[in-house]
Structures are given as structure tokens and as C-alpha cells.
Amino acid sequence: MTTVIKTLLSVCLICSCLTSQAVSDVTFNKKRLSPTLELARQELTAPGILPDITQIRVETRSRPSDGNDSYEITRQDDRITITAPTDLGALYGAYHLARLSASGAHVPSHISESPAFALRILNHWDNLDGTIERGYAGRSMWKWDELPDVMSPRYADYARRNASIGINATVLNNVNASPLILSTPYLHKIKALADTFRPYGIKVFLSVNFATPMALDSLPTADPLDPAVQKWWKRKADEIYSLIPDFGGFLVKANSEGQPGPMDFGRTHAEGANMLARALRPHHGIVMWRAFVYSPIDADRAKQAYMEFQPLDGRFDPNVIIQIKNGPIDFQPREAYSPLFGAMPATPQMVEFQVTQEYLGHANHLAFLAPMWQEFFSQVSPASLKAVAGVANVGDDPNMTGHPLADANWYAFGRLAWDPTLTPEAIAGEWIDSRLIDPAETPADIRRSLIDMFTTSRETVVDYMMPLGLHHIFAWGHHYGPEPWCDIEGARPDWMPSYYHRADKAGLGFDRTPSGSDAVSQYPDSLRSVYADISTCPENLLLWFHHVPWDHRMQSGRTMWQELCHRYATGAARAARYQHVWADARPYVSPAIWTDVNRRLITQARDAQWWKDACVLYFSQFSSQAPTPEVYPIHHTLPDLKHINLGIDNYTNPSPALLDSLR
Ligand code: BDP
């Protein structure tokens with residue numbers, strides 16, 4: 001199969017225009033195929049699938065010990081049987097075979113799969129006006145003006161792409177939620193989407209604004225203990241379920257960044273969440289209540305979620321899950337894991353990852369995120385979590401993800417939500433083989449270099465943006481470029497880079513040991529002592545936990561200043577090298593994708609230099625030491641970089657002068 005055809009297949013897998021052979025004999029034990037089994041049939045009879053298989057038998061039957069989404073595949077010579085307790089399990093089995101087939105892999109004699117998490121959910125930060133908060137792949141997929149009358153074929157395509165990697169739920173709208181999403185006309189639009197997604201096993205959830213009863217129906221309050229408010233939510237839940245019987249529930253951002261919440265009425269997060277949970281409970285719905293909050297108490301930003309939520313352990317109803325970002329701050333290129341995980345043993349918890357690259361170069365930089373998520377799972381046991389959420393990188397761009405290789409992050413999110421033990425190498429290999437190249441036609445060393453490029457890319461971004469545990473030194477607002485010097489009058493101190501890097505003549509980094517903010521004390525004892533001691537703290541989190549003297553000796557033998565320069569230099573150099581890897585891969589990748597990615601890799605390398613120059617020049621003012629030789633050539637001057645003061649408009653619509661200055 002050529003790579004061009006493969007690209008087509010990855011966009012539209014059920015493409016009857018292709019003429020290669022299909023499996024001739026696909027049978028089911030069920031006489032009448034449900035819409036879900038019909039989808040499985042379409043997958044298994046798609047042209048070109050499993051060329052050496054002649055027969056596939058699909059058996060769906062309940063076995064009490066099986067999880068709902070599980071499946072088994074057995075192969076005997078050229079015959080395959082998929083066995084599953086549910087139709088959806090069978091569909092997942094069909095997708096598994098399609099995946100193996102697309103990457104040219106052999107079907108082993110026995111496969112047994114069951115997902116690690118029952119709920120594997122994408123969070124869209126889509127606004128009702130079609131914009132996407134932190135979205136870099138065009139506008140929202142959801143065409144609210146047209147729905148429910150016009151149903152874009154892309155809705156089914158989207159559902160299929162999710163289901164084929166095991167994602168089984170979606171939150172359609174932004175956590176900064178418009179109350180309008182719960183109005184009756186919108187519920188009819190949502191019903192139409194839910195009907196389309198249902199055969200694919202995708203449940204619909206909504207983000208809700210806590211003050212919706214006030215905004216939508218002029219109630220005088222949204223106090224969760226007010227009976228009229230409780231009744232309002234019960235009625236709303238009944239209305240939703242009358243339209244969407246398998247509706248999943250609500251995601252709530254409350255009392256954070258200006259969003260309303262129970263604390264506006266003197267109530268706790270638990271009282272707010274439970275009120276919603278009780279409205280949903282008769283319908284088996286759940287509430288995912290976010291822990292991304294800014295405590296009013298003046299404490300280290302990294303401590304606030306823990307301080308606000310940990311004391312509420314055990315106070316939430318059973319159908320509430322606390323949704324916690326992977327790190328305690330905000331989706332930085334590298335964070336320590338959030339200490340709230342494991343600190344609320346009597347409360348269900350779930351993790352929120354960010355698939356969209358708000359802090360990782362938007363749709364311009366390659367940053368394959370499986371290593372980041374795997375790093376998280378190596379610290380927080382998947383068994384301790386009820387669910388996994390990922391903030392989507394999906395929009396209405398033709399390829400849905402902007403950067404063509406960013407599809408690998410959507411893919412990796414789904415695959416890890418299904419099986420968190422998969423390695424980044426394995427996931428990158430699967431994606432590359434099935435969606436980028438034809439492994440049979442691509443030399444092994446080229447394929448290997450592509451996998452290496454993917455699996456090193458996140459660390460590369462960390463190195464040229466924020467090595468050694470630095471964090472949040474992004475430009476104001478859009479979070480694209482470097483702005484460690486940013487100082488906006490009147491803004492929250494904990495939105496300022498200097499709050500986090502704390503550069504001074506003595507050193508660099510945030511002292512979170514007992515002599516500083518003592519954020520380390522929120523971690524379990526064994527880890528607290530490791531993080532608190534500068535000699536045992538992992539170097540990739542050193543400046544996260546310590547204010548480190550410039551001349552502190554690192555494991556490499558370099559001083560901290562030299563190591564910092566080294567990381568910036570190697571990060572920028574690696575970003576530049578990706579262009580060579582890509583050049584070598586050119587004959588094996590579709591020309592359109594090659595050209596698009598090439599353009600973005602050039603931008604990435606340019607941006608990496610910009611990050612290196614900005615940070616090294618800025619911090620050298622505090623270290624009082626010149627950049628080390630490996631940092632050269634330095635392309636910019638600090639006054640120039642400061643002068644640019646990138647705003648998002650500048651970035652999306654750069655003036656020629658700005659472009660010149662960045663070259
Ligand atoms: C931050 C984003 C902001 C989100 C917020 C959140 O900058 O746009 O609304 O997180 O997660 O990362 O609520």
C-alpha cells in the first residue's frame with residue numbers, strides 16, 4: 001500500500017473507492033446487526049484489510065466476568081474469531097484488527113484486551129461562537145448554527161477516529177462554559193450529535209456553568225442548598241435524559257478564573273458537586289468536578305488545589321469524580337505530578353491531560369506527548385484513578401489537528417487511556433506505521449529515526465523552553481514564546497514568570513522545601529524527602545523544588561548555569577536536527593504531509609533558537625556569567641526580544657518587521 005493511500009485511509013478508512021481485496025467471509029452469531037455491529041462489519045470488510053485472512057467470525061455474548069469493552073481475538077491459519085461480551089467490545093476488536101492491518105503487522109494467535117479505565121474522555125474547549133480556547137486546528141467541529149438540521153459527515157468521522165483508539169466519551173464544550181449550552185434549542189443540537197456518536201460507543205457530556213439557573217431562568221441564586229436551585233437542576237437533568245437517555249453527565253470548572261461556583265454562596269466544592277450529582281444520579285450520570293482552582297489563601301500556586309480539596313476528602317457523593325490536572329500548576333512542559341493524587345483516599349479521582357499544545361508550541365512544534373503521560377503514570381498508579389481525560393487538539397482543519405503529526409497525540413492519548421503500560425516507542429511505531437509510512441517500503445533506519453524523533457521531541461521542547469524544572473516563563477496570554485521578563489502591572493503575581501523562576505543574584509528556581517513554600521510536604525513522606533534534598537531531587541525537577549545557586553555542581557560536573565546553557569543549546573540543536581530526519585524520510589511520506597510538516601519543523605527550529613537566546617540572555621543578567629560557548633551563535637539581543645513583546649495578534653498576523661527580527 002502506498003503512503004498516499006495510507007494517508008487517505010487514515011482520514012477516511014471506509015473508503016470503498018479502493019479496489020484491493022476484502023476479507024470474503026465475515027459472519028456474526030447475531031442475526032440482526034446493531035448499528036455498532038454494522039460498523040464492525042464495515043471495518044472488517046474494508047478493502048485491503050488483512051490480505052491473508054479469508055474468514056472472520058464475530059461472536060458477541062455476555063460473560064459475567066468480562067468488562068463491557070473487552071474483546072478477544074483468536075486466529076487459526078487464515079481464520080479469525082472476535083469474541084466480546086458486548087457489541088462495542090466487538091467493534092473495538094474490529095478496530096484492533098484494522099490497526100494491525102494498516103501497519104502491516106501480523107495477527108497473533110491470541111489477543112485479549114480490556115481497558116484500564118472505564119471512562120476515556122476527550123474534553124473540548126469549544127465555545128458556542130465557533131472559537132476554541134487554546135485550539136490550534138481551526139474552528140470548532142461543532143457547527144451549532146447548522147445543527148441539528150445539517151449533520152456534517154465529519155461528526156461520524158470524528159466519532160470513528162475516537163472509537164478506533166478506544167476513546168468512549170466526549171465533553172463537547174469549554175470548561176469556561178456558556179449557560180446557553182443547557183438551553184432547550186442547544187440540547188436538541190446535542191441530541192443530534194449524541195445520536196451520531198452512539199453506535200461508536202461515544203457518550204456525550206457537557207461542561208456546565210454553575211450559575212446557569214440564574215443566567216438561563218433568572219433564578220435569584222445558584223446556591224446549591226437552595227431547594228429551588230436543586231429543583232431547577234433536577235428538571236434540567238430530566239429534560240436532558242428525555243432527549244439523550246445515555247447522557248454521561250457534567251464537567252464543572254467552579255470558582256476558578258472568574259467562573260461561578262458554590263463558594264460564591266458560601267458553600268463548599270463538595271456541596272456544589274453533590275447538588276449536581278443528585279440531579280444526575282437517578283439517570284446514572286456523573287459529575288467531573290475540576291480541582292484546577294486558585295485558592296483565595298495566599299499560598300504557593302502549586303499548593304492551592306491540594307489545600308482546597310484535600311480537606312474535603314470523603315465529602316463527595318459517589319457519582320462525583322475529582323478531575324485533577326496532571327501537575328499542580330498548569331500543563332507545563334514538565335511538572336512534578338499533582339500531590340492531590342493519592343491524597344483523597346475516600347474520593348474518586350481522575351487525571352486531566354492536555355493534548356492540545358497550549359504550552360508546547362501550539363500547532364507549530366512537534367511534541368509527542370506519550371512520554372509525558374507515561375511519566376505521570378509511572379508516578380501515579382493507574383489503578384488509583386477512575387478515568388482519564390484529555391483536552392482535545394481537534395478542530396475543523398482538514399486533518400482535524402493542525403500539525404499533521406499532532407494526530408499522533410490524539411492517538412497516543414486514546415491508546416494510553418486504554419492501556420497505560422504501552423511504551424511511547426510502541427505507540428509512536430504504531431502511529432508511524434499505520435498513518436505516516438508504509439513500513440514494508442521504508443528502510444528500517446528511516447523508520448527508527450522517525451520513532452526517535454517522536455519519542456525525544458517532548459524532552460527537546462522541555463530543553464529549549466524550560467529545562468531543569470523551570471516553568472511558566474511563557475509570554476503573557478497566548479503562552480507561545482518566551483517572556484521570562486514579563487511584568488504586567490496589576491496582574492496576579494502568580495501569572496508572572498518571575499513568580500516561578502525567582503531569578504536573582506543568588507540563583508534560580510522556586511524554593512518549595514521547608515525553608516521555602518514547603519510544597520514538598522504535600523507529597524508522601526518517601527517522596528517529600530527526595531524532593532526536599534537538593535542532592536537527591538531529580539535534576540529534571542531541580543528548579544521546580546529548589547532555589548539553586550548558579551554555581552551548584554550538577555551530576556554532569558557542570559555548574560547549574562553551565563548546565564542550563566547546555567540544555568538550551570542541546571534543545572535548540574536537536575530541534576534543528578529534526579529537519580534532517582524529516583528530509584531523509586521524504587520519499588516515504590505523502591508529499592502534502594511532508595511539505596506541511598517541513599514548514600512547521602523550520603518554524604520550530606527558529607522558535608527553539610528564540611527560546612534559547614531569550615532565556616540564556618535574560619538569566620545571564622542574574623548569573624553574572626556569560627553564556628557558555630555552545631549557546632552560540634546567539635541570533636537576537638535581549639532588548640530586541642523584549643521589544644517584540646509578542647501578542648497573539650502579532651503572532652498570528654506578524655508584521656514583516658517582526659518576522660525580520662525573529663529570523
Ligand atoms: C489554562 C488555560 C485556560 C483554561 C484553564 C483551565 O490557559 O485557557 O481555561 O487552564 O484549565 O491552562 O480551566
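Because the structure is a prediction, the values reported are computed rather than measured. Atoms within a ligand are numbered from 1 in the order they appear, just like the ligands themselves. Just so you know, these numbers use all the heavy atoms, side chains as well, and skip hydrogens, waters and symmetry mates. Positions are given from 1 along the sequence.
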Q) Taking only heavy atoms of Trp125, which atoms of ligand 1 are found under 4.0 Å from at least one of them? A) 4 (C), 6 (C), 10 (O), 11 (O)
(Q) List ligand 1 atoms under 4.0 Å from Glu358, heavy atoms only on the residue side. (A) 1 (C), 2 (C), 7 (O), 12 (O)
Q: Give a yes or no answer on whether the side chain of Thr170 reaches the backbone of Leu172 with a donor-acceptor pair at less than 3.5 Å.
A: no
Q. Is there side-chain contact between Asp463 and Thr460, with heavy atoms separated by less than 4.5 Å?
A. no
Q: Please work out whether any backbone atom (N, CA, C, O) or any side-chain heavy atom from C-beta onward of Asn176 is under 4.0 Å from ligand 1, and answer side chain, backbone, both or neither.
A: side chain
Q: Name all residues meeting the ring-ring contact (aromatic ring centres under 6.0 Å, His included) criterion together with His479; count only those two or more places apart in sequence or in a different chain, and write none if there are none.
A: Tyr359, His472
**Q.** Proximal ligand 1 atoms for Phe292, defined as those under 4.0 Å from one of its heavy atoms
**A.** 5 (C), 6 (C), 10 (O), 11 (O), 13 (O)
Q. To the nearest 0.1 Å, how far is atom 13 (O) of ligand 1 from its closest protein heavy atom, and which atom is that?
A. Lys253 NZ, 2.6 Å
**Q.** Pair Lys642 + Glu483, salt bridge at N-O below 4.0 Å
**A.** no
Q) For atom 10 (O) of ligand 1, which candidate among Glu133, Gln332, Lys325 provides the closest heavy atom? A) Lys325
Q: List in chain and number order the residues that pass ring-ring contact (aromatic ring centres under 6.0 Å, His included) with Trp544, two or more places apart in sequence or in another chain; answer none if no residue qualifies.
A: His471
Q.
Looking at Leu405, is its backbone amide N or carbonyl O close enough to the side chain of His403 to form a donor-acceptor pair, meaning the two atoms are under 3.5 Å apart?
A. yes
Q. Does NZ or CZ of Lys189 fall inside the cone over Tyr186's six-membered ring, less than 6.0 Å from its centre and within 45° of the axis?
A. yes
Q. Among all protein non-hydrogen atoms, which one is nearest to atom 5 (C) of ligand 1, and what is the separation to 0.1 Å?
A. Glu257 OE1, 3.4 Å
Q. Based purely on interatomic distance, does Asp330 place a nitrogen or oxygen under 3.5 Å from a nitrogen or oxygen of ligand 1?
A. yes
Q) Could an N or O of ligand 1 be found under 3.5 Å from any N or O of Gln354, whether backbone or side chain? A) no
